[in-house]
**Q** 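I have a structure here, written as structure tokens, and I will follow up with some questions on it.
Each chain gets a letter, A, B and so on, in the order its sequence line appears, and its residues count up from 1.
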Amino acid sequence: MAKEITSREENYSQWYNDIVRKANLADHSDVRGCMVIKPHGFAIWENMKNQLDKMFKDTGHVNAYFPLFIPKSYLSKEADHVDGFAKECAVVTHHRLMNDPDGNGVVVDPSAKLEEELIVRPTSETIIWNTYRDWISSYRDLPLLINQWANVVRWEMRTRLFLRTAEFLWQEGHTAHASVEEAVEETRRMLDVYATFAEEYMAMPVIKGVKTANERFAGADDTYTIEALMQDGKALQSGTSHFLGQNFAKAFDVTFLDENNQSNHVWATSWGVSTRLMGALIMAHSDDAGLVIPPRLAPTQVVIVPIPKPGDEIDAAADRIMNELREKGITVKYDNDKKRRPGFKFAEHEMHGTPVRLGIGKRDLANGTIEVARRDTKTKESVNIDDIAAHVEQLLVDIQDNLFNRAKAYLDEHITEVNSWDEFKEVLESKGGFISAHWDGTSESELKIKELTKATIRCIPLDNKQEEGKCVLTGNPSKERVLFAKAY
RNA sequence: CGAGGUGUAGCUCAGUUUGGUAGAGUACACGUCUGGGGGGCGUGUGGUCGCUGGUUCAAGUCCAGUCACCUCGACCA
């Protein structure tokens with residue numbers, strides 16, 4: 001079984017690539033670093049997107065759309081910001097092609113050079129804040145709570161499908177507020193939205209925390225993050241929410257008059273999650289037989305397989321069951337392909353991650369039962385055909401819970417407190433996961449640890465316990481533990 | 001950008017050392033026997049051997065250049 005997927009034990013990276021390809025999630029395109037998201041992968045992303053969009057709307061946000069191209073001069077207005085992105089920007093320099101005088105197809109028309117070059121957005125803070133300047137004049141215009149769903153481009157050296165591609169899909173929220181308190185509250189609110197989404201929909205437990213200065217978003221005063229742990233013990237930053245202070249307001253001169261007719265710069269936030277969540281979803285739950293999708297995000301929650309092949313009696317039973325399930329809002333598909341054999345279908349639906357599979361054969365019908373197989377545990381049971389809809393409805397809930405609990409148990413087991421440098425290195429190498437250790441708060445120590453071990457500070461957990469201790473590297477005094485890990 | 005590796009059928013790869021008609025498995029199509037976990041047998045489709053140039057009577061094979069991809073570094077959501 002699963003003969004086409006490399007096992008996680010044998011080669012974790014290859015396993016990941018195999019899942020992406022064999023589960024029809026995405027392909028490498030001919031364009032370096034860019035992927036083609038295939039229908040099954042996109043369907044999962046759409047489910048994520050729909051749910052997140054609902055959660056954004058429920059917290060008072062509206063959607064808008066800003067240009068793909070950003071004038072080069074905008075990007076340089078905020079010093080930290082341009083430093084953070086300058087090295088990975090795609091630049092549009094010309095606006096016209098012409099026939100090659102030598103007859104070799106088309107070439108760039110040198111006379112069509114742009115007066116000011118355009119940057120393909122790596123993120124939209126600059127163009128958005130340039131626009132907000134015109135939109136905001138009074139405290140009555142605030143807060144401004146806008147999100148956009150878009151593609152962005154970051155010219156990455158090394159790419160991996162979903163986890164890091166040159167072009168990716170995401171949403172970016174950009175908000176403006178009258179007070180620092182309100183902006184910080186917004187930053188934290190959206191972090192909570194992300195955490196709730198990850199845990200309740202992706203069934204992926206996350207740790208909420210704040211980034212150190214080194215790991216902070218370029219241009220932010222504070223970056224909050226949700227960090228998840230993958231099955232190979234590496235951490236994955238899955239979403240970030242930034243408190244931007246007044247940095248962009250000052251860079252783009254965005255001010256408002258308050259109730260006392262005083263002019264102030266606005267306070268800002270931005271927050272985003274991307275198709276990287278697809279990578280997180282894959283690595284959080286899937287196994288050597290293929291993809292595992294939590295029921296709440298599965299494009300098809302239940303598949304019915306006729307055994308050994310479709311027939312009048314089996315088709316009728318499948319129709320009846322499908323109607324019952326659909327009445328309960330469950331998505332279901334009947335795999336009545338006559339050409340493929342049941343064994344093949346079993347393997348294929350496991351590969352694609354369908355949470356529940358129902359097997360209907362003449363033997364089952366004679367007994368008045370249905371074979372119910374769950375993807376998360378790969379176990380099967382016989383269920384009375386009259387109880388099937390209620391059973392499946394509950395089973396989907398159980399699977400969702402089980403996936404979360406399983407991942408949560410794994411996460412909890414892989415947060416290790418260490419108190420010495422030797423122990424730090426030992427745990428990092430042998431066990432992986434998050435290492436909870438004291439750190440003296442300096443960038444120098446953080447960078448030294450990264451250099452020595454490749455582990456970085458993933459975050460300082462929110463509501464962190466305050467305790468006296470000594471930095472695991474330098475022995476200098478520390479007031480709290482932070483979480484280290486190797487990361488994607 | 002540094003180090004190493006690989007480009008041959010949709011996919012995985014042999015063939016390159018020693019130049020001489022382009023191969024296998026898998027996938028795909030059709031037929032057939034099957035049928036409760038990727039089934040068997042048979043027939044068939046499918047290739048500018050990454051690209052460009054050179055050496056040669058003759059290049060997948062030798063030489064030079066070039067491009068792409070993979071692994072590991074630096075960078076990063």
Side-chain angles (χ1 to χ4, degrees), chain A residues 1-6 11-14 17-18 21-22 27-34 83-89 104 122-123 151-172 194 211 214-218 220 223-228 235-242 270-280 289-290 305-311 314 337-352 357-367 369-371 373 378-380 382 447 450-451 454 456 458 487-488:
Chain A
M1 213 188 297
K3 61 181 178 183
E4 299 179 34
I5 297 182
T6 307
N11 183 340
Y12 192 85
S13 299
Q14 190 58 49
N17 291 336
D18 287 350
R21 201 159 62 86
K22 299 294 182 179
D27 277 342
H28 285 283
S29 73
D30 281 353
V31 184
R32 179 198 176 98
C34 295
D83 278 354
F85 289 103
K87 281 181 284 187
E88 50 187 23
C89 285
N104 299 317
T123 178
N151 57 337
V152 287
V153 169
R154 297 180 188 175
W155 212 261
E156 298 290 347
M157 292 297 188
R158 292 180 58 191
T159 60
R160 295 196 62 191
L161 292 173
F162 291 118
L163 295 173
R164 177 167 293 109
T165 45
E167 179 192 15
F168 57 96
L169 306 184
W170 79 343
Q171 56 71 215
E172 46 182 325
Y194 289 154
K211 289 288 191 185
N214 283 328
E215 302 282 331
R216 194 179 288 157
F217 174 73
T223 289
Y224 293 86
T225 178
I226 53 171
E227 296 284 325
L236 183 74
Q237 178 175 310
S238 304
T240 47
S241 184
H242 314 290
S270 70
W271 27 273
V273 294
S274 71
T275 36
R276 177 176 243 207
L277 287 179
M278 292 289 294
V305 177
I307 301 168
K309 59 183 176 183
I314 293 175
D337 186 336
K338 292 189 177 69
K339 302 283 173 55
R340 297 168 193 268
R341 309 157 61 78
F344 183 92
K345 293 176 180 177
F346 294 170
E348 185 170 72
H349 293 300
E350 278 165 10
M351 190 91 79
H352 292 175
R357 183 185 74 236
L358 304 181
I360 309 180
K362 287 185 178 166
R363 203 184 298 164
D364 299 293
L365 292 180
N367 295 333
T369 62
I370 299 291
E371 182 186 87
K378 294 183 65 194
T379 52
K380 292 190 282 199
S382 270
L447 291 172
K450 181 179 181 182
E451 181 191 329
K454 288 172 193 151
T456 50
R458 301 319 304 154
Y488 278 95

**Q** Could you please name the option among B:rG38, B:rG36, B:rC75 that lies closest to any side-chain atom of A:D364?
**A** B:rG36

**Q** Among B:rG36, B:rC75, B:rG38, which is the nearest nucleotide to the side chain of A:E156?
**A** B:rC75

**Q** Under 3.5 Å between N/O atoms: give me all the protein pairs with nucleotides 67-73 of chain B, atom names plus distance.
**A**
residue : atom : partner : partner atom : Å
B:rC69  : OP2  : A:R32   : NH1          : 2.4
B:rC72  : OP2  : A:R158  : NH2          : 2.7
B:rG73  : OP1  : A:K454  : NZ           : 3.4

**Q** Below 3.5 Å, does any donor atom in the side chain of A:E348 face an acceptor in the base of B:rG38, or the other way round?
**A** no

**Q** Any strand is fair game: report the nucleotide pairing with B:rU55 by Watson-Crick or G-U wobble, both distances under 3.5 Å, or none.
**A** none

**Q** What residues, two or more places apart in sequence or in another chain, satisfy side chain to side chain contact (heavy atoms under 4.5 Å, CB included) together with A:E215?
**A** A:K211, A:T212, A:E446, A:T456, A:R458

**Q** Where the side chain of A:F344 is concerned, which of B:rC11, B:rG35, B:rG38 is the nearest nucleotide?
**A** B:rG38

**Q** Please tell me which of A:T240 and A:E371 maps to the more 5' nucleotide of RNA chain B, matching each residue to the nucleotide holding its nearest heavy atom.
**A** A:E371

**Q** Can you list the residues that meet the salt bridge (charged side-chain N to carboxylate O under 4.0 Å, His left out) rule with A:E348, with sequence neighbours excluded?
**A** A:R340

**Q** Between A:T275 and A:F168, is there a donor-acceptor pair closer than 3.5 Å when you use the side chain of the first and the backbone of the second?
**A** no

**Q** My understanding is that a pair needs two contacts under 3.5 Å, Watson-Crick or G-U wobble. By that rule, which nucleotide pairs with B:rU43?
**A** B:rA29

**Q** Classify the side chain of A:R357 and the base of B:rG37 as holding, or not holding, a donor-acceptor pair under 3.5 Å.
**A** yes

**Q** Tell me whether the side-chain N or O atoms of A:R341 pair up with the base of B:rG35 as donor and acceptor below 3.5 Å, since no angle test is needed here.
**A** no

**Q** Which nucleotide sits closest to the side chain of A:A347: B:rG37, B:rG36, B:rG35?
**A** B:rG37

**Q** Can you find a donor-acceptor pair, distance only, under 3.5 Å between A:K380 side chain and B:rG36 base?
**A** no

**Q** Can you tell me the pairing partner of B:rA74 across any strand shown, Watson-Crick or G-U wobble, with both distances under 3.5 angstrom?
**A** none

